[in-house]
Amino acid sequence: MKSLARFSVRHRWYMLAAWIVLFVGVTASSQALGSAYSNNFTLPGTDSLKAQALLLQASPQLAGDSDRIVFHVNQGMVSDHAQSINATLQAISSLDHVASVVTPFCGTNPVCPGAAQISRDGRIAYATVNFDQPAFKLSLSAIKAVETRGELLRSSSLQVEFGGNAFGQLDAPRGNPGEIVGLVAAMIVLLLAFGSFISMLLPLGVALFALGIASGTTVLLGHVMAIADFTPILGSLIGLGVGIDYALFIVTRARQELLKGADVETAVSRAVNTSGRAVIFAGLTVCVALLGMFTLRLGYLNGVAAAASFTVLITMTASVTLLPSLIALAKRRLLSRSERRRLAQPHDDPSDSSTSWERWAGFVSRHPRSLTLAALVVMLATAAPFLSLHLGSSDQGQNPTSDTTRRAYDLLASGFGPGFNGPLLVVGETPGAADTASLHALQQRIAQDRDVAATGPVSPILGSHVSFFTVFPKSSPQDSATSQLIDRIRQVDVPAVSVTTHTPIYVGGITAIFDDFARILQGKLPGFIGIIVALGCLLLMVAFRSVLVPLVAAVMNLLAAGASFGLVVMVFQWGWGASLLQSGQGPIESFLPVIMIAILFGLSMDYQVFLVSRMHEEWVHTGDNELAITRGQGTTGRVITAAALIMIAVFSSFAFGGQRVIAEFGIGLGGAVLMDAFVIRTVLVPALMHYLGRANWWMPAWLERIVPHVAVEAEDEE
C-alpha cells in the first residue's frame, strides 16, 4: 500500500491523466451505444411463467406490451366523442411498433371486441394499444409518438390519460432533484469537519468523478446482461455515499499526519497504508455482500448486483489512487489557514484531540450495562414494524397524482373496479373437447368466488390448442386478498376441475408474475442472509483475529437491517409521511429486502471495520482492553459520525425524486446509517465490548493456525 501511495504521489500528473482518459473513454462509449435497461423477470418453473410461455407459443404477437388510453367525461357520455376518438385511434394504429388498437366504439359492427371497454355509467372508456414488443424493448420515441397523437383529443370536455408499462416509462424520473440537496448537505458537513475548502472539495470531487465512470460502466454493462431501469439511480445513491465516505477517511488520516509535522508524501503514504487498507477491506466487503445476490439465481437481481459492485469497486479504487495524487497536488492546503499557522509554531500541538468524543468514550466505559440495555430498547422498538412487512409490487397506483399513469389507473379503478388494473390470465392447453370443458367449468367456478368481480369468456387462440380467460379480482393488485385468490385458484379450483382430464392450466398475468417473484424471494431470503452473515463473520475473523468481534458485528448488522425495514414499513406501508414523498401507501417492493440487506451488511461492515480496526491497533500496542476500546472510539468517533451524516444526507435526498422504489432505498438506507452510526457504533458495540472484556480478542489456538493473517490497519513503520 505504501508503494502504491508513493507512486500516486510521485507520478501524480500521470495518475490524474490516466483517470481522465478512463473517464472520457467510458463516457464516450456509453453515449455512443446508449442505454439498454430492461425490467426482465425470469422465474423458471413458476406457474405464471408457464402461462406466459404457453401464450407466446400459441400466439407470438402476444409478446408485445398492451397499454391503455383512458377517456373520461364529467358531463354527457364518452360515446359523444366516439367519432374523433376512432379517427385518432386509426392514426395511432399506423404508427411504428403499434401492432393493433382495440377501440371501445364499434359503430354498427355487430361483433365488437371492445364492447366491454366502456364503464356502466358511460363516462369512462378505454382503448387498448397493443405494441409489437415488450415495454422495455420499445424506444421512448415510439411510445411518445402514441402519447402525442392521443393527447390531441384532450379538451375541456374530454379527459385523456395513458396507462400501462410502456407509457409508465415516459413518466419515470430521469434524474433526482434531491441529489443536489444531498450534495450541498455533504459539503456543509465536510466544511464543518475540516474547516478547509480543499479538504471539503477532494472527497466530493473524487466521489463525483468516480461516479461518472461508474454510471458509464453501468450503461455498457446493460448491453451484456439485463439491468433494471432503477439501477443507475441506485448506483448514484450507493456511489455518492460510499465514495465520499471512503475519501473522507483517507483525507482525515492524511490531515492528522500533516498536523503531526509529516511531509506530504509521508502523510499520504501513512494515510493509504492505514485508512486506505480499511477502505479496501470495507469496499471489498460491500462488493462481496452485493455479489452474494448471484446465489439467488434470479437474473433480474444479477444486473443490479454487478452494476452496484462495479460502482463500489471504482469509487474504492479512486480513493486509494486518484485521491493521493490530488492530495499531493493540494499539499498543505489540505489544512485550514489556522491549522497551518499553528503548525508553523513548534511549541504547539495542532493535532486533533477529539476531546468530546474521548469524554463520551469514557462515559460508555463506565456504564456499559445500562447503555447496552437502552440502545437495545431503541433498536428493537424501531425494528418492531418489520413484523408486519408485506412484500409485493407497487404499481402505477402509487405514482404521484401528477403522472398521467396514476390518473389513468384511478379512472380505470373507478369505472371498472380496483382489480381491473391487475387482471389474472388463466391459460390452459385444450387439445380435446374434455380439456375445453374443464376450462369452461373453471371459468364458471371462479366467477362465483367471493373475491372475483368478473371473468371474461373462454377464448381459444386460433391455430393452436391453447385457450384462456381473464379474471378481474375485486381487490387491487397489491392487496393480500388478490394473492390469496391466486393461491385459491391454483390449489383448489384448478385441481377440482382437472381431476379427471389432467388439463394443464396455469394462472398468469403481470399480477401473478409479481406475486410469484415475491414468494420466491421470501423463500430464498433466509439462506441469503445466512450466506451474507457467514461471509461477513469470516472476513472480520481474518481481520481482527477474534471470534466474538465477528459474532457481535453480525448481530448488530441484523439489528440495523431490522430497524431499517421497520422505518420503511412505517413510511411506505403504513403511510406515515408518505404524502411528503409522493410515494403512496402500499406493499414494499419484493426485491427490496435482498438488495438492501446486501448493501446494509456492506455499509455496516464499513463502520465496524473503521471502529474496531483502531481498537484492535490499540489492543495490539497496549494489551489493555478498556484502554483500547476507549481510545479507538474516541479517535474514530468524529470521523465516523461525520461520514454517517454525509451518508444520511445523500441517502435521504434520494427519497424525494418521485420514484417510489428509490425512495424506499433512500429512507431505508438513510435510517439504517442513522441507527448504525449513532446507536450501534457509538453506544452498543463499545458498551458490549467493555462488558465482554479481554474475551473480545480471543481465538482458539487451532483456529489461529488456519486463519490467514491480513492486516486491516497495518502498523506504520518507517
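Every value quoted in this text rests on a predicted model; they were computed, and no experiment measured them. Counting from 1, the numbers follow the sequence of the chain as shown.
- For the atom pair Ile680 CD1 and Leu684 CG, the distance stands at 6.5 Å (nearest 0.5 Å).
- The side-chain contact (heavy atoms from CB on, under 4.5 Å) test with Ile588 singles out one residue from Leu391, Val661, Val571, and that residue is Leu391.
- Of the possible donor and acceptor atoms, none in the side chain of Ser564 sits under 3.5 Å from a partner among the backbone N and O of Ala560.
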Could you give the side-chain donor-acceptor pairs of residues 279-288 under 3.5 Å, partners two or more places apart or in another chain?
residue	atom	partner	partner atom	Å
Thr285	OG1	Phe281	O	2.7

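- Between Pro477 and Thr482, every side-chain heavy-atom pair lies at or beyond the 4.5 Å cut-off.
- A 4.5 Å side-chain heavy-atom check between Leu645 and Phe678 finds at least one atom pair inside the cut-off.
- The distance from the CD atom of Gln484 to the CG atom of Asp515 is 10.0 Å, given to the nearest 0.5 Å.
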Step-by-step side chain to side chain contact (heavy atoms under 4.5 Å, CB included) determination, Ser388 to Val569: CA-CA 8 Å; Ser388 64; Val569 168; 3.7 Å; yes
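- Using a 4.5 Å heavy-atom cutoff, the side chains of Phe572 and Glu589 are not in contact.
- Residues Ile244 and Pro203 share a closest heavy-atom pair of O-CB, 3.9 Å.
- From Leu240, atom CG reaches atom CG of Leu204 across 8.0 Å, with rounding to the nearest 0.5 Å.
- With Thr682 contributing its side chain and Ala677 its backbone, the two residues share a donor-acceptor pair below 3.5 Å.
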Val533 and Asn557: CA distance, side-chain angles, deciding distance, side chain to side chain contact (heavy atoms under 4.5 Å, CB included) verdict: CA-CA 9 Å; Val533 169; Asn557 291 348; over 6 Å; no
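- Using a cut-off of 4.0 Å between Lys/Arg side-chain N and Asp/Glu carboxylate O, Lys474 and Asp479 are scored as not salt-bridged.
- Looking at heavy atoms from C-beta onward, Leu301 lies in side-chain contact with Phe591 at the 4.5 angstrom threshold.
- Put simply, CG on Leu559 and CG on Leu380 are 6.0 Å apart, with the number rounded to the nearest 0.5 Å.
- Tested against Leu567 for a side-chain contact (heavy atoms from CB on, under 4.5 Å), the candidates Leu674, Leu669, Thr382 yield a single pass: Thr382.
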Full working for side chain to side chain contact (heavy atoms under 4.5 Å, CB included) between Leu234 and Ile595: CA-CA 10 Å; Leu234 180 63; Ile595 300 176; 4.0 Å; yes
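- Between Gln573 and His390, the shortest heavy-atom distance links the atoms OE1-N, 2.8 Å.
- In this structure, Gly632 and Arg614 approach most closely via the heavy-atom pair CA-CG, 3.8 Å.
- Taken from OG in Ser653 to CD1 in Ile648, the straight-line distance is 12.0 Å, to the nearest 0.5 Å.
- Contact check for Val552 versus Met689: no side-chain heavy atoms found under the 4.5 Å cut-off.
- Between Arg519 and Asp487 there is a salt bridge, since a side-chain N of the basic residue sits under 4.0 Å from a carboxylate O of the acidic one.
- Taking 4.5 Å as the limit, some side-chain heavy atom of Leu208 sits within range of a side-chain heavy atom of Leu183.
- Distance alone, capped at 3.5 Å, is enough to place a donor-acceptor pair between the Thr511 side chain and the Gly422 backbone.
- The aromatic rings of Trp697 and Trp619 lie parallel to each other, with less than 30° between the two planes, well short of the 60° mark.
- Within 6.0 Å of OH in Tyr691 there are 12 or fewer heavy atoms belonging to other residues, nucleotides or ligands.
- The pair Asp624-Arg694 does not meet the salt-bridge criterion, since no charged nitrogen lies less than 4.0 angstrom from a carboxylate oxygen.
- Scored by the side chain to side chain donor-acceptor pair (under 3.5 Å) test, Gln478 finds Asp395, Gln398, Ser476 as partners (sequence neighbours excluded).
- The closest side-chain donor-acceptor pair between His690 and Glu626 falls under 3.5 angstrom.
- Remark: Leu538 CG to Met541 CE distance equals 6.0 Å, nearest 0.5 Å.
- The shortest heavy-atom contact between Ser236 and Leu211 is CA-CD1, 3.7 Å.
- The minimum heavy-atom distance between Leu485 and Pro473, with the atom names listed, is CD2-CB, 3.9 Å.
- Minimum interatomic distance between Phe651 and Gly241 (heavy atoms only, all atoms of both residues): CE2-CA, 4.3 Å.
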Arg681 vs Thr636, side chain to side chain contact (heavy atoms under 4.5 Å, CB included): CA-CA, chis, key distance, verdict: CA-CA 10 Å; Arg681 311 302 162 187; Thr636 60; over 6 Å; no
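- A 4.5 Å side-chain heavy-atom check between Phe544 and Met615 finds every atom pair outside the cut-off.
- Under a 3.5 Å cut-off, the side chain of Asp516 and the backbone N or O of Ile513 do not form any donor-acceptor pair.
- Taking 4.5 Å as the limit, some side-chain heavy atom of Phe565 sits within range of a side-chain heavy atom of Pro593.
- Using modelled atom types, one side-chain atom of Arg545 and one backbone atom of Val707 make a donor-acceptor pair closer than 3.5 Å.
- Looking only at distances, a side-chain donor or acceptor of Thr641 sits under 3.5 Å from a matching main-chain atom of Arg638.
- Between the side chain of Thr315 and the backbone N or O of Gly239, no donor-acceptor pair lies under 3.5 Å.
- Sorted by first and then second residue, the side chain to side chain donor-acceptor pair (under 3.5 Å) pairs with a member in residues 365-376 form an empty list; sequence neighbours excluded.
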